[in-house]
Amino acid sequence: MSTAYAASARAGRTTSNKSLREDTVTQTEPRLRVEHLAKSYGRGDQEKQIIGDLTFSVDKGEVACIVGPSGVGKTTLLKCLAGLHPSTGGAMYIDGKPLDGPPAEMALVFQDYSRSLMPWLTVEKNVRLPLRHMRLPKAEAAERIEDALAAVGLSHAAKQYPWQLSGGMQQRVAIARALAYRPEVLVMDEPFASVDAQTRFELEDLCLSIRDKLDMTIVVVTHDIDEAVYLSDRIVAIGGKPAGVLEVIDVDLPGERDQITTRALPEFAELRSRTLSLIRKAQQ
Amino acid sequence: MKRRALNTVLGVGAPVAVIAAWWIVSAGSTNAFFPPLATIMERFQALWLFDRFASDVLPSLRNLGIGYAIAVVVGVVLGFVIATVPVLRAMFEPALHFIRGIPPVALIPILITLIGFGQEMRVTSIVLAATFPTMISTIDGIRAVDTGLRDVCSVYRLRKHERLLRVYLPAAGPQIAAGMQVSLQIGFIVMIASEMLGSSQGIGAMTLLAQQSFLAADMWAGILLLGFLGFAANILFEAARSRVLAWYIGSKRQERAA
(Lines give C-alpha, C1' and ligand atoms only; values in the text may rest on other atoms or scores of the structure.)
Protein backbone atom coordinates (compact mmCIF):
# COMPACT_ATOMS: atom_id res chain seq x y z
CA MET A 1 0.00 0.00 0.00
CA SER A 2 2.69 2.47 0.99
CA THR A 3 4.75 2.01 -2.17
CA ALA A 4 2.10 3.81 -4.18
CA TYR A 5 2.83 7.01 -2.42
CA ALA A 6 6.52 6.52 -2.23
CA ALA A 7 6.28 7.52 -5.86
CA SER A 8 4.41 10.66 -4.98
CA ALA A 9 7.59 12.00 -3.46
CA ARG A 10 8.75 12.72 -6.94
CA ALA A 11 5.75 14.83 -7.61
CA GLY A 12 5.81 17.30 -10.42
CA ARG A 13 7.23 14.81 -12.84
CA THR A 14 7.94 16.54 -16.09
CA THR A 15 9.14 13.66 -18.23
CA SER A 16 7.00 12.93 -21.24
CA ASN A 17 4.97 9.77 -21.51
CA LYS A 18 7.42 8.41 -23.98
CA SER A 19 10.39 8.59 -21.64
CA LEU A 20 8.23 7.15 -18.89
CA ARG A 21 7.62 4.10 -20.97
CA GLU A 22 11.31 3.81 -21.63
CA ASP A 23 12.18 3.76 -17.97
CA THR A 24 9.50 1.21 -17.23
CA VAL A 25 10.83 -1.04 -19.94
CA THR A 26 13.64 -1.89 -17.56
CA GLN A 27 11.06 -3.35 -15.20
CA THR A 28 10.47 -6.96 -16.03
CA GLU A 29 6.96 -7.02 -14.68
CA PRO A 30 4.19 -4.61 -15.69
CA ARG A 31 2.05 -3.28 -12.86
CA LEU A 32 -1.09 -4.93 -14.15
CA ARG A 33 -1.02 -8.00 -16.34
CA VAL A 34 -4.08 -9.78 -17.67
CA GLU A 35 -3.47 -13.13 -19.32
CA HIS A 36 -5.96 -15.17 -21.31
CA LEU A 37 -8.77 -13.92 -19.13
CA ALA A 38 -12.07 -15.67 -19.80
CA LYS A 39 -15.46 -15.17 -18.24
CA SER A 40 -18.73 -16.94 -18.78
CA TYR A 41 -22.03 -16.85 -16.96
CA GLY A 42 -24.37 -19.78 -16.42
CA ARG A 43 -23.72 -23.47 -16.73
CA GLY A 44 -24.21 -26.25 -19.25
CA ASP A 45 -26.47 -25.30 -22.16
CA GLN A 46 -27.17 -21.97 -20.55
CA GLU A 47 -23.51 -21.04 -20.46
CA LYS A 48 -22.77 -17.74 -22.11
CA GLN A 49 -19.22 -16.84 -22.85
CA ILE A 50 -18.77 -13.10 -22.47
CA ILE A 51 -15.01 -12.82 -22.54
CA GLY A 52 -13.12 -15.32 -24.66
CA ASP A 53 -9.47 -14.55 -24.29
CA LEU A 54 -8.10 -11.20 -23.15
CA THR A 55 -4.44 -10.46 -22.77
CA PHE A 56 -2.97 -7.04 -22.09
CA SER A 57 -0.78 -5.28 -19.60
CA VAL A 58 -0.44 -1.81 -18.17
CA ASP A 59 2.78 -0.37 -16.85
CA LYS A 60 3.34 1.70 -13.77
CA GLY A 61 2.24 5.28 -14.21
CA GLU A 62 0.33 4.54 -17.38
CA VAL A 63 -3.21 5.36 -18.29
CA ALA A 64 -4.86 2.63 -20.32
CA CYS A 65 -8.33 2.92 -21.76
CA ILE A 66 -10.42 -0.09 -22.58
CA VAL A 67 -12.74 0.68 -25.47
CA GLY A 68 -15.19 -1.43 -27.35
CA PRO A 69 -18.72 -1.48 -28.71
CA SER A 70 -21.45 -1.39 -26.09
CA GLY A 71 -22.42 -4.77 -24.73
CA VAL A 72 -19.05 -6.27 -25.53
CA GLY A 73 -18.28 -7.02 -21.89
CA LYS A 74 -16.25 -4.02 -20.78
CA THR A 75 -18.00 -3.85 -17.43
CA THR A 76 -17.68 -7.62 -17.03
CA LEU A 77 -13.94 -7.34 -17.58
CA LEU A 78 -13.78 -4.62 -15.00
CA LYS A 79 -15.76 -6.58 -12.44
CA CYS A 80 -13.36 -9.48 -12.92
CA LEU A 81 -10.40 -7.14 -12.50
CA ALA A 82 -11.84 -5.75 -9.29
CA GLY A 83 -12.56 -9.22 -7.97
CA LEU A 84 -16.31 -8.64 -7.84
CA HIS A 85 -16.95 -11.56 -10.18
CA PRO A 86 -14.72 -14.62 -10.37
CA SER A 87 -13.13 -15.14 -13.76
CA THR A 88 -13.60 -18.53 -15.40
CA GLY A 89 -10.22 -18.73 -17.06
CA GLY A 90 -6.82 -17.10 -17.31
CA ALA A 91 -5.12 -15.05 -14.66
CA MET A 92 -4.49 -11.50 -13.55
CA TYR A 93 -1.44 -10.14 -11.77
CA ILE A 94 -0.51 -6.98 -9.97
CA ASP A 95 3.28 -6.61 -9.83
CA GLY A 96 3.49 -10.27 -10.67
CA LYS A 97 1.25 -11.31 -7.78
CA PRO A 98 -1.76 -13.31 -8.94
CA LEU A 99 -5.15 -11.80 -8.04
CA ASP A 100 -7.75 -13.71 -6.12
CA GLY A 101 -10.69 -11.66 -4.92
CA PRO A 102 -10.76 -7.87 -4.53
CA PRO A 103 -7.10 -6.82 -4.48
CA ALA A 104 -5.92 -4.50 -1.75
CA GLU A 105 -3.85 -2.59 -4.29
CA MET A 106 -6.83 -1.59 -6.38
CA ALA A 107 -9.58 0.99 -6.09
CA LEU A 108 -12.58 1.25 -8.34
CA VAL A 109 -14.57 4.31 -9.35
CA PHE A 110 -18.02 3.30 -10.46
CA GLN A 111 -20.00 4.72 -13.30
CA ASP A 112 -23.03 5.54 -11.23
CA TYR A 113 -21.78 7.85 -8.51
CA SER A 114 -25.24 8.19 -6.99
CA ARG A 115 -25.21 4.48 -6.18
CA SER A 116 -21.65 4.32 -4.98
CA LEU A 117 -21.57 7.02 -2.30
CA MET A 118 -23.21 6.57 1.08
CA PRO A 119 -25.90 9.24 1.34
CA TRP A 120 -25.87 9.10 5.16
CA LEU A 121 -22.21 10.04 5.35
CA THR A 122 -20.70 13.43 4.73
CA VAL A 123 -18.16 13.78 1.95
CA GLU A 124 -15.33 13.48 4.43
CA LYS A 125 -16.78 10.37 6.06
CA ASN A 126 -17.39 8.77 2.69
CA VAL A 127 -13.71 9.21 1.92
CA ARG A 128 -12.81 7.88 5.37
CA LEU A 129 -14.93 4.73 5.20
CA PRO A 130 -12.45 2.50 3.32
CA LEU A 131 -9.59 3.68 5.55
CA ARG A 132 -11.12 2.52 8.82
CA HIS A 133 -10.01 -1.08 8.64
CA MET A 134 -6.46 -0.03 7.78
CA ARG A 135 -6.07 1.25 11.33
CA LEU A 136 -3.90 4.15 10.24
CA PRO A 137 -2.60 6.62 12.80
CA LYS A 138 -5.20 9.35 13.22
CA ALA A 139 -3.01 12.06 11.74
CA GLU A 140 -2.20 10.01 8.67
CA ALA A 141 -5.83 9.23 7.98
CA ALA A 142 -6.72 12.90 8.32
CA GLU A 143 -3.88 13.86 6.01
CA ARG A 144 -4.87 11.34 3.38
CA ILE A 145 -8.46 12.58 3.42
CA GLU A 146 -7.38 16.20 3.24
CA ASP A 147 -4.97 15.51 0.39
CA ALA A 148 -7.53 13.52 -1.56
CA LEU A 149 -10.20 16.17 -1.21
CA ALA A 150 -7.72 18.87 -2.15
CA ALA A 151 -6.66 16.89 -5.21
CA VAL A 152 -10.21 16.85 -6.52
CA GLY A 153 -10.88 20.43 -5.42
CA LEU A 154 -13.49 19.61 -2.81
CA SER A 155 -11.83 20.70 0.43
CA HIS A 156 -14.61 23.19 0.97
CA ALA A 157 -17.32 20.53 0.71
CA ALA A 158 -15.96 18.09 3.32
CA LYS A 159 -18.87 18.56 5.69
CA GLN A 160 -21.58 18.39 3.05
CA TYR A 161 -23.56 15.34 2.07
CA PRO A 162 -23.10 13.88 -1.42
CA TRP A 163 -26.71 14.59 -2.37
CA GLN A 164 -26.14 18.27 -1.76
CA LEU A 165 -23.56 18.31 -4.55
CA SER A 166 -23.80 18.31 -8.34
CA GLY A 167 -23.20 15.13 -10.31
CA GLY A 168 -19.68 16.11 -11.29
CA MET A 169 -18.83 16.93 -7.69
CA GLN A 170 -20.23 13.59 -6.52
CA GLN A 171 -18.04 11.77 -8.98
CA ARG A 172 -15.09 13.76 -7.67
CA VAL A 173 -15.96 12.56 -4.15
CA ALA A 174 -15.87 8.99 -5.45
CA ILE A 175 -12.47 9.70 -7.01
CA ALA A 176 -11.25 11.26 -3.75
CA ARG A 177 -12.35 8.15 -1.89
CA ALA A 178 -10.30 6.04 -4.28
CA LEU A 179 -7.28 8.35 -3.94
CA ALA A 180 -7.29 8.32 -0.15
CA TYR A 181 -7.20 4.54 -0.33
CA ARG A 182 -3.89 5.00 -2.17
CA PRO A 183 -4.20 2.15 -4.62
CA GLU A 184 -1.49 1.18 -7.03
CA VAL A 185 -4.06 0.61 -9.72
CA LEU A 186 -7.06 2.87 -10.08
CA VAL A 187 -9.82 1.41 -12.21
CA MET A 188 -12.70 3.52 -13.47
CA ASP A 189 -15.88 2.33 -15.14
CA GLU A 190 -17.14 4.96 -17.55
CA PRO A 191 -16.48 7.46 -14.81
CA PHE A 192 -17.47 10.55 -16.73
CA ALA A 193 -20.44 9.17 -18.63
CA SER A 194 -23.12 10.94 -16.65
CA VAL A 195 -21.67 14.40 -16.22
CA ASP A 196 -21.91 17.37 -18.55
CA ALA A 197 -19.27 18.00 -21.21
CA GLN A 198 -17.44 20.78 -19.37
CA THR A 199 -17.19 18.74 -16.16
CA ARG A 200 -16.10 15.80 -18.22
CA PHE A 201 -13.10 17.72 -19.56
CA GLU A 202 -12.21 18.82 -16.04
CA LEU A 203 -12.42 15.29 -14.70
CA GLU A 204 -10.30 13.96 -17.57
CA ASP A 205 -7.60 16.46 -16.74
CA LEU A 206 -7.95 15.62 -13.07
CA CYS A 207 -7.36 11.99 -13.95
CA LEU A 208 -4.16 12.88 -15.84
CA SER A 209 -2.88 15.12 -13.08
CA ILE A 210 -3.43 12.33 -10.53
CA ARG A 211 -1.37 10.04 -12.67
CA ASP A 212 1.38 12.62 -12.96
CA LYS A 213 1.43 13.48 -9.27
CA LEU A 214 0.99 10.03 -7.78
CA ASP A 215 2.44 7.86 -10.53
CA MET A 216 -0.66 5.75 -10.32
CA THR A 217 -1.63 3.19 -12.90
CA ILE A 218 -5.06 4.02 -14.20
CA VAL A 219 -7.38 1.83 -16.21
CA VAL A 220 -10.45 3.55 -17.65
CA VAL A 221 -13.31 1.79 -19.34
CA THR A 222 -15.01 4.12 -21.77
CA HIS A 223 -17.16 4.07 -24.86
CA ASP A 224 -15.94 7.51 -25.85
CA ILE A 225 -13.15 7.18 -28.41
CA ASP A 226 -12.05 10.82 -28.09
CA GLU A 227 -11.75 10.42 -24.36
CA ALA A 228 -9.76 7.23 -24.79
CA VAL A 229 -7.29 8.89 -27.17
CA TYR A 230 -6.99 11.96 -24.97
CA LEU A 231 -6.35 10.06 -21.74
CA SER A 232 -4.41 7.04 -22.81
CA ASP A 233 -0.85 5.95 -23.07
CA ARG A 234 -2.32 2.85 -24.62
CA ILE A 235 -5.74 1.89 -25.82
CA VAL A 236 -6.94 -1.67 -25.47
CA ALA A 237 -9.65 -2.13 -28.08
CA ILE A 238 -11.80 -5.14 -27.39
CA GLY A 239 -14.56 -6.66 -29.48
CA GLY A 240 -16.15 -9.81 -30.77
CA LYS A 241 -18.40 -12.38 -29.21
CA PRO A 242 -16.96 -13.64 -26.96
CA ALA A 243 -14.75 -10.62 -26.47
CA GLY A 244 -11.07 -10.60 -27.26
CA VAL A 245 -8.43 -7.94 -27.73
CA LEU A 246 -8.70 -6.44 -31.22
CA GLU A 247 -5.57 -4.41 -30.92
CA VAL A 248 -3.49 -2.59 -28.36
CA ILE A 249 -2.79 0.88 -29.70
CA ASP A 250 0.10 2.86 -28.31
CA VAL A 251 -0.84 6.49 -28.02
CA ASP A 252 2.19 8.65 -28.61
CA LEU A 253 0.76 12.11 -28.41
CA PRO A 254 3.51 14.62 -27.76
CA GLY A 255 3.96 16.74 -24.65
CA GLU A 256 1.50 17.57 -21.94
CA ARG A 257 -2.10 16.97 -22.92
CA ASP A 258 -4.37 19.89 -23.26
CA GLN A 259 -8.08 19.78 -24.01
CA ILE A 260 -7.79 22.30 -26.84
CA THR A 261 -4.41 21.79 -28.46
CA THR A 262 -4.11 18.03 -28.03
CA ARG A 263 -7.49 17.40 -29.54
CA ALA A 264 -6.54 19.58 -32.51
CA LEU A 265 -3.40 17.58 -33.36
CA PRO A 266 -3.37 15.61 -36.60
CA GLU A 267 -2.07 12.62 -34.64
CA PHE A 268 -5.13 12.84 -32.42
CA ALA A 269 -7.45 12.63 -35.41
CA GLU A 270 -5.45 9.76 -36.84
CA LEU A 271 -5.57 7.73 -33.61
CA ARG A 272 -9.22 8.52 -33.25
CA SER A 273 -10.14 7.24 -36.69
CA ARG A 274 -7.92 4.21 -36.31
CA THR A 275 -9.58 3.23 -33.06
CA LEU A 276 -13.04 4.01 -34.35
CA SER A 277 -12.64 1.91 -37.49
CA LEU A 278 -11.41 -0.99 -35.36
CA ILE A 279 -14.50 -0.85 -33.26
CA ARG A 280 -16.77 -0.34 -36.26
CA LYS A 281 -15.29 -3.42 -37.88
CA ALA A 282 -15.82 -5.42 -34.70
CA GLN A 283 -19.45 -4.44 -34.60
CA GLN A 284 -20.19 -5.77 -38.06
CA MET B 1 -42.76 30.26 3.22
CA LYS B 2 -46.21 31.74 2.84
CA ARG B 3 -47.50 28.34 1.79
CA ARG B 4 -46.02 26.77 4.92
CA ALA B 5 -47.65 29.34 7.17
CA LEU B 6 -50.95 28.62 5.48
CA ASN B 7 -50.48 24.89 5.99
CA THR B 8 -49.81 25.42 9.69
CA VAL B 9 -52.94 27.50 10.05
CA LEU B 10 -54.96 24.83 8.24
CA GLY B 11 -53.37 22.01 10.23
CA VAL B 12 -54.20 23.61 13.56
CA GLY B 13 -57.38 25.31 12.45
CA ALA B 14 -59.23 22.32 11.03
CA PRO B 15 -59.16 20.17 14.21
CA VAL B 16 -60.03 23.21 16.30
CA ALA B 17 -63.01 23.82 14.04
CA VAL B 18 -64.13 20.18 14.36
CA ILE B 19 -63.84 20.32 18.16
CA ALA B 20 -65.74 23.60 18.24
CA ALA B 21 -68.46 22.08 16.09
CA TRP B 22 -68.62 19.02 18.36
CA TRP B 23 -68.81 21.30 21.40
CA ILE B 24 -71.69 23.33 19.96
CA VAL B 25 -73.67 20.44 18.46
CA SER B 26 -73.37 18.29 21.57
CA ALA B 27 -73.96 21.15 24.00
CA GLY B 28 -77.59 20.39 24.85
CA SER B 29 -77.39 16.64 24.18
CA THR B 30 -79.52 14.42 26.41
CA ASN B 31 -78.57 11.26 24.50
CA ALA B 32 -76.99 8.97 27.08
CA PHE B 33 -74.48 7.67 24.55
CA PHE B 34 -73.42 11.05 23.24
CA PRO B 35 -73.01 13.36 26.21
CA PRO B 36 -72.04 17.02 25.72
CA LEU B 37 -68.33 17.55 25.07
CA ALA B 38 -68.28 19.85 28.08
CA THR B 39 -69.28 16.89 30.28
CA ILE B 40 -66.71 14.63 28.65
CA MET B 41 -64.02 17.22 29.31
CA GLU B 42 -65.07 17.50 32.94
CA ARG B 43 -64.82 13.76 33.35
CA PHE B 44 -61.54 13.77 31.47
CA GLN B 45 -60.12 16.22 33.92
CA ALA B 46 -61.56 14.38 36.91
CA LEU B 47 -60.32 10.97 35.79
CA TRP B 48 -57.04 11.53 34.10
CA LEU B 49 -55.70 14.86 35.40
CA PHE B 50 -54.27 13.40 37.54
CA ASP B 51 -56.36 11.18 39.75
CA ARG B 52 -55.87 7.98 37.83
CA PHE B 53 -52.82 9.03 35.91
CA ALA B 54 -50.35 7.26 38.16
CA SER B 55 -52.52 4.22 38.81
CA ASP B 56 -53.81 3.55 35.30
CA VAL B 57 -52.07 5.63 32.62
CA LEU B 58 -48.48 5.21 33.72
CA PRO B 59 -48.61 1.38 33.95
CA SER B 60 -50.13 1.25 30.47
CA LEU B 61 -47.43 3.50 29.06
CA ARG B 62 -44.75 1.60 30.91
CA ASN B 63 -45.96 -1.67 29.38
CA LEU B 64 -45.98 -0.07 25.96
CA GLY B 65 -42.53 1.43 26.44
CA ILE B 66 -40.92 -1.78 27.64
CA GLY B 67 -42.74 -3.97 25.14
CA TYR B 68 -42.00 -1.67 22.23
CA ALA B 69 -38.34 -1.31 23.11
CA ILE B 70 -37.89 -5.08 23.32
CA ALA B 71 -39.85 -5.56 20.09
CA VAL B 72 -37.68 -3.09 18.17
CA VAL B 73 -34.42 -4.57 19.38
CA VAL B 74 -35.56 -8.14 18.78
CA GLY B 75 -37.11 -7.22 15.43
CA VAL B 76 -34.03 -5.45 14.10
CA VAL B 77 -31.60 -8.09 15.37
CA LEU B 78 -33.65 -11.05 14.12
CA GLY B 79 -34.37 -9.29 10.85
CA PHE B 80 -30.67 -8.63 10.38
CA VAL B 81 -29.71 -12.21 11.12
CA ILE B 82 -32.42 -13.67 8.90
CA ALA B 83 -31.63 -11.30 6.04
CA THR B 84 -27.90 -11.93 6.09
CA VAL B 85 -27.83 -15.69 6.69
CA PRO B 86 -29.29 -17.34 3.57
CA VAL B 87 -30.04 -20.64 5.31
CA LEU B 88 -32.09 -18.92 7.99
CA ARG B 89 -33.89 -16.87 5.40
CA ALA B 90 -34.93 -19.97 3.48
CA MET B 91 -36.04 -21.62 6.72
CA PHE B 92 -38.00 -18.84 8.33
CA GLU B 93 -39.33 -16.54 5.69
CA PRO B 94 -42.48 -18.46 4.69
CA ALA B 95 -43.30 -19.12 8.35
CA LEU B 96 -42.85 -15.45 9.15
CA HIS B 97 -45.43 -14.41 6.62
CA PHE B 98 -47.83 -16.99 8.05
CA ILE B 99 -47.39 -15.72 11.60
CA ARG B 100 -47.63 -12.13 10.45
CA GLY B 101 -51.04 -12.96 8.98
CA ILE B 102 -52.46 -13.72 12.43
CA PRO B 103 -54.12 -10.64 13.92
CA PRO B 104 -51.98 -9.79 16.95
CA VAL B 105 -54.98 -9.29 19.20
CA ALA B 106 -55.93 -12.93 18.66
CA LEU B 107 -52.77 -13.93 20.52
CA ILE B 108 -53.92 -12.35 23.77
CA PRO B 109 -56.29 -15.16 24.88
CA ILE B 110 -53.51 -17.69 24.32
CA LEU B 111 -51.10 -15.62 26.34
CA ILE B 112 -53.65 -15.22 29.12
CA THR B 113 -53.91 -19.00 29.31
CA LEU B 114 -50.16 -19.39 29.27
CA ILE B 115 -48.98 -16.52 31.42
CA GLY B 116 -52.08 -15.22 33.20
CA PHE B 117 -53.47 -11.72 33.54
CA GLY B 118 -50.44 -9.90 34.90
CA GLN B 119 -48.28 -7.15 33.46
CA GLU B 120 -45.97 -9.81 32.01
CA MET B 121 -48.77 -11.02 29.78
CA ARG B 122 -49.39 -7.50 28.51
CA VAL B 123 -45.76 -6.76 27.84
CA THR B 124 -45.35 -10.16 26.18
CA SER B 125 -48.32 -9.61 23.89
CA ILE B 126 -47.01 -6.18 22.92
CA VAL B 127 -43.59 -7.65 22.19
CA LEU B 128 -45.03 -10.50 20.14
CA ALA B 129 -47.26 -8.28 18.07
CA ALA B 130 -44.86 -5.37 17.59
CA THR B 131 -41.81 -7.43 16.66
CA PHE B 132 -43.09 -8.57 13.29
CA PRO B 133 -43.48 -5.32 11.36
CA THR B 134 -40.00 -4.17 12.43
CA MET B 135 -38.46 -7.56 11.69
CA ILE B 136 -40.04 -7.91 8.27
CA SER B 137 -39.17 -4.40 7.17
CA THR B 138 -35.62 -4.94 8.42
CA ILE B 139 -35.35 -8.08 6.27
CA ASP B 140 -36.76 -6.22 3.26
CA GLY B 141 -34.56 -3.20 3.89
CA ILE B 142 -31.35 -5.22 4.11
CA ARG B 143 -32.23 -7.23 1.07
CA ALA B 144 -32.90 -4.03 -0.87
CA VAL B 145 -29.44 -2.58 -0.17
CA ASP B 146 -28.24 -1.42 -3.56
CA THR B 147 -25.79 -3.69 -5.37
CA GLY B 148 -23.75 -0.57 -6.06
CA LEU B 149 -23.16 -0.13 -2.33
CA ARG B 150 -22.43 -3.84 -1.91
CA ASP B 151 -19.81 -3.59 -4.67
CA VAL B 152 -18.23 -0.61 -2.92
CA CYS B 153 -17.98 -2.70 0.24
CA SER B 154 -16.23 -5.50 -1.65
CA VAL B 155 -13.85 -3.30 -3.64
CA TYR B 156 -12.70 -1.47 -0.52
CA ARG B 157 -12.59 -4.74 1.38
CA LEU B 158 -14.72 -3.54 4.26
CA ARG B 159 -14.78 -5.97 7.15
CA LYS B 160 -17.93 -7.93 7.89
CA HIS B 161 -18.89 -5.80 10.89
CA GLU B 162 -18.24 -2.62 8.94
CA ARG B 163 -20.51 -3.77 6.15
CA LEU B 164 -23.28 -4.68 8.54
CA LEU B 165 -23.13 -1.72 10.88
CA ARG B 166 -21.78 1.05 8.69
CA VAL B 167 -23.44 0.25 5.38
CA TYR B 168 -26.34 -2.20 5.56
CA LEU B 169 -27.88 -0.86 8.75
CA PRO B 170 -27.98 2.80 7.70
CA ALA B 171 -28.98 1.86 4.14
CA ALA B 172 -31.93 -0.10 5.51
CA GLY B 173 -32.67 2.67 8.03
CA PRO B 174 -35.59 4.29 6.22
CA GLN B 175 -37.35 0.95 5.82
CA ILE B 176 -36.60 -0.11 9.37
CA ALA B 177 -38.10 3.17 10.59
CA ALA B 178 -41.24 2.57 8.54
CA GLY B 179 -41.57 -0.85 10.17
CA MET B 180 -40.96 0.64 13.60
CA GLN B 181 -43.77 3.08 13.06
CA VAL B 182 -46.18 0.27 12.24
CA SER B 183 -44.86 -1.62 15.28
CA LEU B 184 -45.64 1.38 17.45
CA GLN B 185 -49.21 1.54 16.22
CA ILE B 186 -49.71 -2.20 16.69
CA GLY B 187 -48.09 -2.07 20.11
CA PHE B 188 -50.52 0.67 21.07
CA ILE B 189 -53.50 -1.35 19.89
CA VAL B 190 -52.34 -4.44 21.74
CA MET B 191 -51.65 -2.40 24.87
CA ILE B 192 -55.31 -1.39 24.97
CA ALA B 193 -56.64 -4.79 23.93
CA SER B 194 -54.57 -6.61 26.56
CA GLU B 195 -56.10 -4.39 29.22
CA MET B 196 -59.62 -4.93 28.02
CA LEU B 197 -59.38 -8.67 28.56
CA GLY B 198 -59.66 -9.58 32.20
CA SER B 199 -57.92 -6.62 33.71
CA SER B 200 -59.00 -4.01 36.19
CA GLN B 201 -56.17 -1.62 35.61
CA GLY B 202 -55.05 0.53 32.72
CA ILE B 203 -56.62 2.90 30.24
CA GLY B 204 -58.24 0.08 28.27
CA ALA B 205 -59.73 -1.50 31.37
CA MET B 206 -61.06 1.85 32.61
CA THR B 207 -62.64 2.65 29.28
CA LEU B 208 -64.27 -0.74 28.96
CA LEU B 209 -65.51 -0.60 32.56
CA ALA B 210 -67.03 2.82 31.89
CA GLN B 211 -68.83 1.49 28.84
CA GLN B 212 -70.16 -1.51 30.77
CA SER B 213 -71.34 0.76 33.57
CA PHE B 214 -73.20 3.08 31.17
CA LEU B 215 -70.83 5.92 32.07
CA ALA B 216 -70.78 7.29 28.53
CA ALA B 217 -68.86 10.45 29.42
CA ASP B 218 -66.14 8.43 31.16
CA MET B 219 -65.92 6.15 28.17
CA TRP B 220 -65.53 9.07 25.79
CA ALA B 221 -62.96 10.59 28.11
CA GLY B 222 -60.96 7.34 27.90
CA ILE B 223 -61.15 7.34 24.12
CA LEU B 224 -60.03 10.98 24.01
CA LEU B 225 -57.08 10.13 26.19
CA LEU B 226 -56.14 7.27 23.86
CA GLY B 227 -56.34 9.66 20.96
CA PHE B 228 -54.03 12.13 22.66
CA LEU B 229 -51.56 9.45 23.67
CA GLY B 230 -51.45 7.92 20.21
CA PHE B 231 -50.99 11.36 18.70
CA ALA B 232 -48.20 12.23 21.14
CA ALA B 233 -46.46 8.89 20.56
CA ASN B 234 -46.49 9.49 16.84
CA ILE B 235 -45.13 13.02 17.21
CA LEU B 236 -42.31 11.71 19.39
CA PHE B 237 -41.61 9.01 16.85
CA GLU B 238 -41.55 11.45 13.96
CA ALA B 239 -39.23 13.76 15.87
CA ALA B 240 -36.81 10.92 16.53
CA ARG B 241 -37.05 9.70 12.95
CA SER B 242 -36.36 13.09 11.42
CA ARG B 243 -33.28 13.39 13.61
CA VAL B 244 -31.85 9.98 12.84
CA LEU B 245 -32.84 9.95 9.17
CA ALA B 246 -32.12 13.61 8.45
CA TRP B 247 -29.89 12.50 5.55
CA TYR B 248 -32.73 10.51 4.02
CA ILE B 249 -35.31 13.23 4.36
CA GLY B 250 -32.84 15.77 2.98
CA SER B 251 -31.84 13.62 0.01
CA LYS B 252 -35.48 12.91 -0.86
CA ARG B 253 -36.26 16.60 -0.76
CA GLN B 254 -33.27 17.22 -3.00
CA GLU B 255 -34.46 14.53 -5.42
CA ARG B 256 -37.91 16.07 -5.69
CA ALA B 257 -36.47 19.52 -6.23
CA ALA B 258 -34.19 18.29 -9.02
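Only this structure's heavy atoms are used, side chains among them; waters, hydrogens and symmetry mates stay out. Reminder, nothing fancy here: chain letters follow the sequence lines and each chain counts from 1.
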Review point. Just by distance, do the side chain of A/Trp120 and the backbone of B/Arg166 share a donor-acceptor pair under 3.5 Å?
Key: yes

Please report the shortest heavy-atom distance between [X] and [Y], naming the atom on each side.
X        : Y        : result
A/Pro102 : B/Ser154 : CB-O, 3.4 Å
B/Arg157 : A/His133 : O-NE2, 3.2 Å
A/Leu117 : B/Leu149 : O-CD2, 3.8 Å

For [X], is it the side chain, the backbone, both, or neither that has a heavy atom closer than 4.5 Å to a heavy atom of chain B?
X        : result
A/Leu131 : neither
A/Pro162 : neither
A/Leu84  : side chain

Check your understanding: So which of A/Met118, A/Arg132, A/Lys79 has the biggest tally of heavy-atom pairs under 4.5 Å with chain B?
Key -> A/Arg132

Review point. Does some side-chain heavy atom of A/Arg115 sit less than 4.5 Å from a side-chain heavy atom of B/Asp151?
Key: no

Practice item. Answer yes or no: are there more than 12 heavy-atom neighbours, outside A/Asp196 itself, under 6.0 Å from its atom CG? Key: yes

Practice item. Tell me, with the steps shown, if A/Arg177 and B/Tyr156 meet side chain to side chain contact (heavy atoms under 4.5 Å, CB included). Key: CA-CA 10 Å; A/Arg177 178 173 62 186; B/Tyr156 290 110; 3.7 Å; yes

Practice item. Decide yes or no on side chain to side chain contact (heavy atoms under 4.5 Å, CB included) for A/Met106 and B/Val155, but give the supporting numbers first. Key: CA-CA 8 Å; A/Met106 187 185 285; B/Val155 165; over 6 Å; no

